[in-house]
Amino acid sequence: MLKITLKDGSVKEVQKGTTVYDVAASISGRLAKEAVVGAVNGKTVDLSYKLEEDCELSILKFEDSEGAHAFRHTSSHIMAQAVKRLFPDTQLAIGPAIDNGFYYDFDTEHKFVPEDLERIEAEMQKIVKEDLKLERFELPRAEAIKFMAEKGEAYKVELINDLPEDAIISFYRQGDFVDLCAGCHVSSTKEIKSVKLTSLAGAYWRGNENNKMLQRIYGTSFPKASMLDAYLLMLEEAKKRDHRKIGKELGLFALMEEGPGFPFMLPKGMAVKNNLLKYWREVHDKANYVEIETPIMLNRHLWETSGHWFHYKDNMYALEIDNEDFAVKPMNCPGCMLVYKTAMHSYKDFPIRMAEMGRVHRHELSGALHGLMRVRSFTQDDAHIFMLPDQIKDEIIGVVNLIDEVYKTFGFSYHVELSTRPENSMGSDEDWNRAEAALTEALVSLGINYKLNPGDGAFYGPKIDFHLMDCLGRTWQCGTIQLDMQLPQRFELTYIGKDGEKHQPIMIHRVAFGSIERFMGILIEEFAGKFPSWLAPVQVKLLTIADRHIPYAEEVSAKLRAKGIRVELDDRAEKIGYKIREAQLEKGPYMLIIGDKEAELGQVSVRSRDIGELGSLEFDVFVNTLLSEVAERSLKTKFEKVE
RNA sequence: GCCGGUGUAGCUCAAUUGGUAGAGCAACUGACUUGUAAUCAGUAGGUCGCGGGUUCGAGUCCCAUCACCGGCUCCA
């Protein structure tokens, strides 16, 4: 192992041959998108540079530098200016700076093709060379509208009209180009040294699908060409972790044309999934949940009662059987409501925590599908908690803590969002206010920072969402806690209170993993396919040196299997170097090399995927160390090199 | 669903202006019996995503369709 000293003085141990990118990724979660340049002992290196000895490593972040935003914003103006020069009929919409770059939305008769990006880039280079100064000026509203109307910029006029009464309306000028803009910018176009237009996309005006679709061009820019190169390299490195790529390489899951959005779990992926389920049951058992299972398909009447038929009919898989409409469940809640109603409940029973690993199907739009992250069939680790009004806060705190415990087990960092009442919601103001207050209170009392999304709640209640990030920095909702004041009412759920009267229980709906499949996708990217030993589909790979070692290898295999260890034997007549290489590419945590020496002494020669050759160990020592690693769900190897 | 792109052997990729599809790895067979990241030789493998059309001739051009990739929208 190497000792890597970081800029802040902390020391990190990594395996020899680890890339600078991997270190960066492990420091900032998967948010390595911020890491633009690495420097080893003060010397700048590529992110794919392999660390071979102890060193000081710094990861330089352009994001952190002042002016990154202004820099990109100016780049977007230069792109708009270039587009206007090349395609004068173009109307400008909006062009902001974003993480990693910028974009601009255009409305033009000309259909942009990828080759246009090069032309536009070339024109941008000219504008950079022209050294145009950026000048800011303000106009009163009426003049501003007139100014933009004269230029034929209808979108800008609409934007100005929608600005608040007291807004200052500012413009930036660079040469012959003027754009409505609040700022801020660098002082001259010549500061933009390195720019690349990265992609072409459609985007609805103002993000509304009923509006016209505009043409959006994405780009990125940096103060130095070397930083751009490093950024592009970083993207390539990140793509190596893509769960779709690794899932195929390691035989974890498959997506087939025969079932778009319906993932197939292959034996190795199923092993991972089963270990997740085992862990999940353990955690929920400890937290006093009971587990149920409800049918995959239920009749229309149920979905009308729940409100899903009205709200989500188009996204449900419906079918008619014996002249009756049925739908495959898109959620587990209604089934759970029926289970609740199978018995009378007393306030003394509360809270009731009813969990279900439910397979749900949702007909997502074809364009929304994405590997395991966004699918049409997935397994929710669902639970519904029924409780009294004064138990809400504690229950929510309990769930937040449970989700936190689960994520910590995997070493994930996450962020939390609180979404409030949307427009097409059901329920009274009073219910909504109470529900939103309960969620907010729980988050505040836990001291959790959260992002507020006004109007983004579910139609039946507000929610707390937990988001994890993929290898390219896109975030995905995983855990969620939703307070539901609708379903108990619609299903007329009751419990008998202290007063002997019937009352309506409070219910929350929650998931921790969210979708097991999506969580697996995140896991694959987090570990780059190198699952910790408790999750690894194959924990130990046995490699024989020669055919005469097969009997002893089979003996070792049987003994490991008896201990509940997942083993695979490679007894092919290949050279050991070749077998090791293949096993290493399969990313399993341990290899045991079996040759004359081992067979004679009854030992095992251990190799770790992370550390390399460890040396010979007594069989029991190996097994016990591995079992304790698995039992603790350790994220790191507990083995050390035998000297 | 919308905008743009891609689709050739199990995988990763080639194939001049339209002229009968090729490599590496994997697989299979044989030899080698090997000590910590690739042994050698041979064999087999493709209706070029699917369906139309243009043409003497289409992997190459056109239309339609499916899937995937990047966005947008959506995400109970």
Side-chain angles (χ1 to χ4, degrees), chain A residues 17 103 105 111-114 116-117 198-218 239 242 244-245 248-249 251 255-261 303 306-308 310-316 329-334 360 362-371 373-376 380 422 424-425 456-461 463 465 472 474 476-477 480 482 484 486-487 509 514-515 518 543-550 572-585 591-598 605-609 612-615:
Chain A
Y103 68 78
D105 287 345
K111 292 263 179 243
F112 289 126
V113 293
D116 288 331
L117 298 187
T198 49
S199 67
L200 209 47
Y204 299 107
W205 166 236
R206 299 200 135 179
N208 184 332
E209 63 176 328
N210 298 316
N211 291 341
K212 181 166 186 183
M213 179 162 272
L214 309 172
Q215 299 189 74
R216 174 174 297 180
I217 299 177
Y218 284 92
K239 276 184 190 154
D242 192 311
R244 292 166 297 191
K245 180 175 155 67
K248 190 187 264 183
E249 286 167 354
L255 289 159
M256 316 208 195
E257 279 198 22
E258 289 80 354
W303 303 113
S306 68
H308 290 97
F310 174 71
H311 279 274
Y312 292 105
K313 188 163 64 95
D314 291 345
N315 295 315
M316 285 162 69
K329 67 177 174 183
M331 287 192 91
N332 305 299
C333 323
V360 297
R362 300 177 178 182
H363 185 254
E364 304 290 358
L365 291 175
S366 57
L369 302 179
H370 182 103
M373 304 296 200
R374 190 81 184 273
V375 292
R376 286 174 171 159
Q380 279 186 319
N424 65 338
S425 58
D456 273 353
F459 70 85
Y460 50 72
K463 58 179 185 172
D465 292 332
L472 288 176
R474 295 175 287 210
W476 299 89
Q477 180 195 307
T480 176
Q482 310 182 349
D484 190 329
Q486 278 302 310
L487 284 183
H509 163 111
S515 144
R518 174 179 292 182
L543 310 176
T544 50
I545 302 251
D547 290 352
R548 64 177 176 281
H549 306 121
I550 293 176
R572 293 174 302 172
E574 296 288 350
K575 288 177 84 169
I576 193 67
Y578 179 78
K579 293 196 198 183
I580 286 173
R581 177 184 156 78
E582 291 213 328
Q584 195 75 36
L585 293 174
M591 287 155 251
L592 297 185
I593 284 80
I594 311 236
D596 287 333
K597 200 171 66 182
E598 290 72 27
S605 177
V606 186
R607 184 185 165 93
S608 148
R609 99 192 135 196
E613 188 176 355
L614 294 178

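Proteins come first, then strands; the chains are lettered A, B, ... in the order of their sequence lines, and each starts at number 1.
Checked against B:A37, B:C32, B:U73, the side chain of A:Ala573 finds its nearest nucleotide in B:C32. Out of B:A67, B:U73, B:U33, the shortest distance to the side chain of A:Ala546 is found at B:U33. Comparing B:G35, B:U36, B:C72 by their closest approach to the side chain of A:Met213 singles out B:C72. Nearest nucleotide to the side chain of A:Lys248, out of B:C11, B:C2, B:A37: B:C11. Set against B:G5, B:C72, B:A37, the side chain of A:Ile580 has B:A37 as its closest nucleotide. Of the listed nucleotides (B:A76, B:U33, B:A26), B:U33 has the atom at the smallest distance from the side chain of A:Asp547. Minimum atom distance to the side chain of A:Met331 is reached by B:A76, of the listed B:U36, B:G71, B:A76. Candidate nucleotides B:G71, B:A76, B:G35 were compared by shortest atom distance to the side chain of A:Asn315, and B:A76 ranks first. Distances from the side chain of A:Ile576 to the nucleotides B:A76, B:A38, B:U34 place B:U34 closest. For A:Arg244, the side-chain atoms get nearest to B:G70 when compared with the rest of B:A76, B:C2, B:G70.
When the side-chain nitrogen and oxygen atoms of A:His370 are compared with OP1 and OP2 of B:C75, none of them lie within a distance under 4.0 Å. For the OP1/OP2 pair of B:A26 and a distance below 4.0 Å, the side-chain nitrogens and oxygens of A:Tyr578 include at least one atom meeting the criterion. Note on A:Arg548: a side-chain N or O is less than 4.0 Å away from OP1 or OP2 of B:U34. Applying the 4.0 Å criterion to OP1 and OP2 of B:G1, one finds that A:Ser366 has a side-chain N or O inside that range. Checking the phosphate oxygens (OP1, OP2) of B:U36, no side-chain nitrogen or oxygen of A:Lys575 falls inside 4.0 Å. OP1 or OP2 of B:C69 has not a single side-chain nitrogen or oxygen of A:Lys239 nearer than 4.0 Å. Regarding contacts with the backbone of B:G71, a side-chain N or O of A:Arg474 is found under 4.0 angstrom from either OP1 or OP2. Between A:Arg572 and B:C32 there is no side-chain polar atom (N or O) within less than 4.0 angstrom of OP1 or OP2.
Within 4.0 Å of A:Ala458, counting heavy atoms only, lie sugar-phosphate atoms of the nucleic acid but no base atom.
Under the 4.0 Å criterion applied to side-chain N and carboxylate O atoms, A:Asp456 and A:Lys463 are not assigned as salt-bridge partners.
Separation of the C1' atoms belonging to B:A26 and B:A44 is 13 Å when rounded to the nearest angstrom.
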- Message: How would you summarise protein contacts on nucleotides 43-52 of chain B per nucleotide, using B for base, S for sugar-phosphate only and - for none, with heavy-atom distances below 4.0 Å?
- Response: ----------
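Shown here, B:G4 forms a base pair with B:C69; the pair counts as Watson-Crick or G-U wobble because both key distances fall under 3.5 Å. Of the nucleotides present, none pairs with B:A38 by Watson-Crick or G-U wobble criteria with both distances under 3.5 Å.
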